[in-house]
Amino acid sequence: MKVSGGVEWALHCCVVLTSVREPAPAARLAALHDISPTYLAKQLPALSRAELIRSVQGKSGGYALTRAPEQITVLDVVDAVDGPGPAFGCTEIRQRGPLATPAEACTTPCAIARAMAGAEAARREALRAISIADLAKDVESDSGAGALEGVGAWLRG
């Protein structure tokens, strides 16, 4: 089940926003991740529409999380950027071709659709179980204590 690259950037932005109390400018977020501000500008509004971050206008403007990082899940970010729809859409292939199953005989999803629905449910549950705070803790353990503090200092610039 493929997730867009925009989700990766959006998750990184949410994690680094845990390191600042003031809004972080989009240009600084883009520079931190060495990506085009134009590309990042496509992800941040999606997070804002989903009310995961808010945009603050003005000289000290930028983006900030709307709630505690413990209350924002990876699934929230995935749904905001890629949409909440399932990765698999059944097209009822069994009803096509020379040996097609009649539509009236297809009263339940086929084995393939059931398998994919089960995988989708497991994926969504796994992503729902991980918060932005969990990811931030992992950054600290992966990159060393104070890593996010250093990011926050850099963002404040």
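Considering all non-hydrogen atoms of both residues, Trp154 and Ala31 come closest at CH2-CB, 3.7 Å. In plain terms, the two heavy atoms of Ser48 and Ser55 that are nearest each other are OG-N, 4.4 Å. Across all their heavy atoms, Leu155 and Pro25 have their closest contact at O-CD, 4.4 Å. For the residue pair Ala10 and Leu47, the shortest heavy atom distance occurs at CB-CD1, 3.8 Å. Residue Leu148 comes nearest to Val16 through the heavy atom pair CD2-CA, 4.4 Å, listed as atom of the first residue, atom of the second, then distance. Listed here is the closest heavy atom pair of Tyr63 and Leu17: O-CD2, 3.3 Å.
Atoms CD1 and SG, from Ile35 and Cys13 in turn, are 6.0 Å apart once rounded to the nearest 0.5 Å. Cys110 SG to Met116 CE: the interatomic distance, rounded to the nearest 0.5 Å, is 10.5 Å. Within the model, atoms CG of Leu75 and OG of Ser131 stand 12.5 Å from one another, a figure rounded to the nearest 0.5 Å. Summarising the geometry, atom CZ belonging to Arg67 is positioned 5.5 Å from atom CG belonging to Asp76; distances are rounded to the nearest 0.5 Å. Leu44 contributes atom CG, which lies 4.5 Å from atom CD1 of Ile53 (distance to the nearest 0.5 angstrom). Here the CG-CZ distance, from Leu65 to Arg21, works out to 12.5 Å after rounding to the nearest 0.5 Å.
Of the charged side-chain nitrogens involved, at least one lies within less than 4.0 Å of a carboxylate oxygen, so that Glu125 and Arg128 count as a salt-bridged pair.
Screening residues 86-111 for salt bridge (charged side-chain N to carboxylate O under 4.0 Å, His left out) gives Glu92-Arg94 as the qualifying pairs, with residues at least two apart or on separate chains.
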Inset, instruction - Applying side-chain contact (heavy atoms from CB on, under 4.5 Å), run through Val78 and Arg123 and close with a yes or a no. - result: CA-CA 11 Å; Val78 171; Arg123 175 186 82 97; 4.0 Å; yes
### Task
Could you go through the side-chain contact (heavy atoms from CB on, under 4.5 Å) check for His12 and Leu32 one step at a time?
CA-CA 10 Å; His12 277 281; Leu32 174 67; over 6 Å; no
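Contact of the Ile112 side chain with the Phe88 side chain is registered, since non-hydrogen atoms from C-beta on lie closer than 4.5 Å. Side-chain atoms of Val20 and Val151, non-hydrogen and from C-beta on, never get closer than 4.5 Å to each other.
For the pair Arg28 (side chain) and Arg156 (backbone), a donor-acceptor distance under 3.5 Å is absent. Between the side chain of Glu140 and the backbone N or O of Gly146 there is at least one donor-acceptor pair closer than 3.5 Å. Side chain of Thr66 to backbone of Leu52: a donor-acceptor contact under 3.5 angstrom is found. Side-chain atoms of Ser4 do not come within 3.5 Å of backbone N or O of Asp82 as any donor-acceptor pair.
Not counting sequence neighbours, Glu70 has no partner by the salt bridge (Lys or Arg N to Asp or Glu O under 4.0 Å) test. Residues passing the side-chain contact (heavy atoms from CB on, under 4.5 Å) test with Ile130, sequence neighbours excluded: Val74, Asp134, Leu135.
Linking ILVMFWY residues whenever their side-chain heavy atoms come closer than 4.5 Å, directly or via other members, places Val77 and Tyr39 in the same cluster.
Counting heavy-atom neighbours within 6.0 Å of Glu51 CD, excluding the residue itself, gives a total of 12 or less.
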